[in-house]
Amino acid sequence: MLNSPIVTRSRTPKPRIRRQNQRNLPRSHHSYHSAQSHARQRTPPPHPAAVPGSPDRVREGQQKRGMRSQHRRVNSIGTPSARYAQKMPSNKHNTQTTTLTRRAALTLGGMFLLTACGSAATEQKRPEGSASPTGSPTGTAEATASATPSATPTLAPALPEAELEQLRNTLTALFADGTYPQYSLLVTGMDGNLPSIKATTAPADLYAANADTARVPASTFKVLTLFALNHYANLQARLRTRVTRDAAGLYLMAGGDTLLGAGASNPKQIVGRAGLTTLAELTVKALLQGEKPAAALPVYLDGTFFTGPSVNPGWDDADVASGQITPIHPIALESHTVPGKSTASNPVRPDDAAVAAQQAFVDALNTAGKESGMSFTLAERRTAPAEAVEIAAVESATLLEQAQHMMLESDNALAEVLGRCTAIAAGKEGSGEAAQQTVHQALVDAGVNVENLVQADVCGMSLTDRVTARTLVQVVALLNADEHAEQLMSTFPVAGVSGTLSGRFGAANAVHARTFVQAKTGTLYTVSSLCGVATRPDGTRLIFAIILNDLGGSDALPAAKERVDAAAAAIANRSTAPSASATPSAVAPSASAAVSTAAAAGAAS
């Protein structure tokens with residue numbers, strides 16, 4: 001078995017769960033059981049790992065699960081298009097995690113090792129017994145038994161009636177002018193109204209407008225890819241780029257790391273964590289320990305880690321030509337771009353990202369081996385023979401760190417790479433088609449509503465993609481119920497602070513929601529979407545998804561974004577400055593954590 005397995009998380013498939021009543025329109029007439037606000041269980045807001053980033057960019061694209069799997073397994077393993085909004089320059093985001101190893105030996109067949117993983121489910125409190133039905137102070141045993149309630153106790157609503165009515169009225173008014181007829185909006189409690197998640201408040205759609213209508217999601221689709229990656233892979237795993245040798249020469253073994261740097265490895269960065277200069281120096285050092293090559297050594301490229309077409313048939317040719325998306329390879333420099341020439345708004349792509357990385361490695365080898373009289377030449381693509389011996393390797397940032405970069409920067413090429421890595425972790429081949437199938441299967445296994453889901457990629461680039469607001473809300477709910485919820489939610493941009501939301505929420509009716517909305521953006525010239533979590537002044541957290549389609553072009557995009565921001569701010573009950581009666585302790589921690597974390601991350605970068 002080859003080195004460098006992708007460590008995977010295998011979960012026992014769950015039975016399909018029945019869907020709850022799904023109402024498509026606002027239900028202002030719906031009544032809820034009244035309860036004192038102190039009876040509502042509040043979940044403290046998470047501390048988002050906010051990292052400063054840049055304004056919204058174009059193609060931005062289970063409490064534990066009801067029952068977690070009882071096992072884990074180890075599987076070896078240009079110019080922007082006219083349809084899309086321009087990206088702003090991106091920053092590097094960094095976290096520290098542990099090291100794991102190597103890729104799936106797809107052609108040799110993966111073997112699975114099982115290790116136990118814990119799962120827990122909190123037992124629901126039983127209701128207290130009621131008084132004797134006869135009304136006597138001391139009822140008989142039979143009477144007492146008959147008085148014991150058999151029904152599940154009523155849970156308090158996620159919002160009291162007055163706040164719920166205000167929320168519904170505000171959201172209805174925001175879209176009453178008909179400017180955005182093709183819109184979907186869903187707001188729920190933190191269970192996402194999903195039966196597999198134990199509710200702490202009464203499950204309900206707090207607001208639903210066209211929530212089950214499938215629309216083009218743009219980069220909010222990346223939330224589904226993140227969910228699948230967490231479902232199947234160990235997010236602490238790293239991808240290894242190796243060099244092997246046999247009598248014919250050297251083999252650069254692509255291992256899925258497409259964030260390679262041309263220079264030395266940089267442990268403080270995500271992009272460039274593994275550097276080809278470092279790999280070249282390690283290779284020359286290993287060669288010097290043996291017999292010095294008598295002639296120039298050819299350097300072959302083994303790119304068999306991924307399979308299938310490099311270009312997704314769902315992508316428009318113009319988008320590929322403009323660089324908004326690109327052929328996907330298992331090895332590349334700086335996410336399939338040309339270092340030093342590419343910007344977020346104008347991504348410059350090499351003709352062949354894999355060969356560009358190979359050439360950079362050969363150049364670094366010739367520099368490192370010059371004093372020793374060694375030379376190296378660029379050779380063709382070739383599958384390394386089984387007898388080839390590894391002599392050097394470098395490791396990428398963890399999958400979690402890469403997922404953070406994908407989500408914060410809305411990196412389309414990286415989303416496609418991680419989708420293929422997810423497929424490999426699930427025991428499939430590393431192709432675009434397998435990536436789509438794997439994402440779909442992860443959603444089905446978790447009981448997510450996949451009716452009307454249409455997948456043409458895993459980054460949200462294709463206008464063929466379709467998803468409902470309900471699907472997005474349920475996936476966000478599952479991410480928040482996961483045992484690693486804090487890490488997973490750290491990948492979401494924070495309003496006014498990080499990633500594609502750093503320049504958003506500036507209007508008067510949204511600015512007070514800065515740091516209190518944590519959500520993934522989706523932006524095309526015809527689409528504006530947002531899904532995530534909004535924290536209200538008393539600490540109540542709500543999940544939401546908003547999708548606007550058919551915007552009419554780039555001129556309409558800024559206003560559409562402002563409307564989406566205003567809706568999210570209303571869900572956070574922060575359309576205006578919160579009243580002084582709001583509990584400070586419920587508000588300050590979330591905001592201060594977001595800002596301080598962002599400041600620390602900014603200093604580190």
Go through the steps for F376 and V284 under the test side chain to side chain contact (heavy atoms under 4.5 Å, CB included), then give the verdict. CA-CA 10 Å; F376 306 84; V284 169; 4.3 Å; yes
Under 3.5 Å, is there a donor-acceptor pair between the side chain of [X] and the main chain of [Y]?
{"X": "T241", "Y": "G255", "result": "no"}
{"X": "H336", "Y": "H329", "result": "yes"}
{"X": "S265", "Y": "G275", "result": "yes"}
{"X": "Q518", "Y": "M489", "result": "yes"}
{"X": "S462", "Y": "G314", "result": "yes"}
{"X": "T283", "Y": "A392", "result": "no"}
{"X": "N230", "Y": "L235", "result": "no"}
{"X": "T225", "Y": "G419", "result": "no"}
{"X": "T398", "Y": "Q236", "result": "no"}
{"X": "R349", "Y": "A321", "result": "no"}

Would you say the side chain of [Y] lies within less than 4.5 Å of the side chain of [X], judging by non-hydrogen atoms?
{"X": "V533", "Y": "F492", "result": "no"}
{"X": "V389", "Y": "R245", "result": "no"}
{"X": "F361", "Y": "L260", "result": "no"}
{"X": "E409", "Y": "L414", "result": "no"}
{"X": "L453", "Y": "V448", "result": "no"}
{"X": "S335", "Y": "V271", "result": "no"}
{"X": "V355", "Y": "R381", "result": "yes"}

What is the distance from atom [atom1] of [X] to atom [atom2] of [Y], rounded to the nearest 0.5 Å?
{"X": "N312", "Y": "Q455", "atom1": "CG", "atom2": "CD", "value": "11.0 Å"}
{"X": "I391", "Y": "L279", "atom1": "CD1", "atom2": "CG", "value": "8.5 Å"}
{"X": "L282", "Y": "R242", "atom1": "CG", "atom2": "CZ", "value": "14.0 Å"}
{"X": "L400", "Y": "T491", "atom1": "CG", "atom2": "OG1", "value": "7.5 Å"}
{"X": "T326", "Y": "M461", "atom1": "OG1", "atom2": "CE", "value": "10.0 Å"}
{"X": "Q358", "Y": "L333", "atom1": "CD", "atom2": "CG", "value": "11.5 Å"}

Please identify which of these residues, L239, T258, D257, meets the side chain to side chain contact (heavy atoms under 4.5 Å, CB included) condition with C421.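 Going through L239, T258, D257 one by one, the side chain to side chain contact (heavy atoms under 4.5 Å, CB included) with C421 is satisfied by L239 alone.
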Is it the case that the side chains of S396 and Q402 hold a donor-acceptor pair, with the cut-off being a distance below 3.5 Å and no angle test?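 There is such a pair (donor and acceptor under 3.5 Å, judged by atom type) between the side chains of Q402 and S396.
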Quick one: do the S322 and Q324 side chains pair a donor with an acceptor below 3.5 Å?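 Not at all, the side chains of S322 and Q324 share no donor-acceptor pair under 3.5 Å.
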Considering all heavy atoms of both residues, which atom of [X] and which atom of [Y] are nearest to each other, and what is their separation?
{"X": "I325", "Y": "A413", "value": "CD1-N, 3.9 Å"}
{"X": "T515", "Y": "V497", "value": "CG2-CG2, 3.6 Å"}
{"X": "V299", "Y": "V362", "value": "CB-CG2, 3.8 Å"}
{"X": "N366", "Y": "S375", "value": "OD1-CA, 3.4 Å"}
{"X": "L297", "Y": "G249", "value": "CD2-CA, 4.2 Å"}
{"X": "A218", "Y": "S529", "value": "CB-OG, 4.4 Å"}

Verdict with reasoning, I424 to Y232, per side chain to side chain contact (heavy atoms under 4.5 Å, CB included): CA-CA 9 Å; I424 293 170; Y232 287 109; over 6 Å; no
Would the number of heavy atoms belonging to other residues, nucleotides or ligands and lying under 6.0 Å from [atom1] of [X] be above 12?
{"X": "E371", "atom1": "CD", "value": "no"}
{"X": "Q359", "atom1": "CD", "value": "yes"}
{"X": "E291", "atom1": "CD", "value": "no"}

Given side chain to side chain contact (heavy atoms under 4.5 Å, CB included), test V439 with T422 step by step and report yes or no. CA-CA 8 Å; V439 170; T422 300; 5.7 Å; no
Under the side chain to side chain contact (heavy atoms under 4.5 Å, CB included) rule, what do L478 and H231 come out as? Steps first, then yes or no, please. CA-CA 10 Å; L478 288 167; H231 186 80; over 6 Å; no
What verdict does the side-chain hydrogen bond (donor to acceptor under 3.5 Å, both in side chains) test give for S431 and E429, after you've listed the backbone C-alpha separation in whole Å, the side-chain angles of each residue and the deciding distance to 0.1 Å? CA-CA 6 Å; S431 68; E429 64 178 9; 3.2 Å; yes
Could E416 and R420 be called an ion pair, given the rule that one side-chain N must be under 4.0 Å from one carboxylate O?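 Salt bridge: yes.
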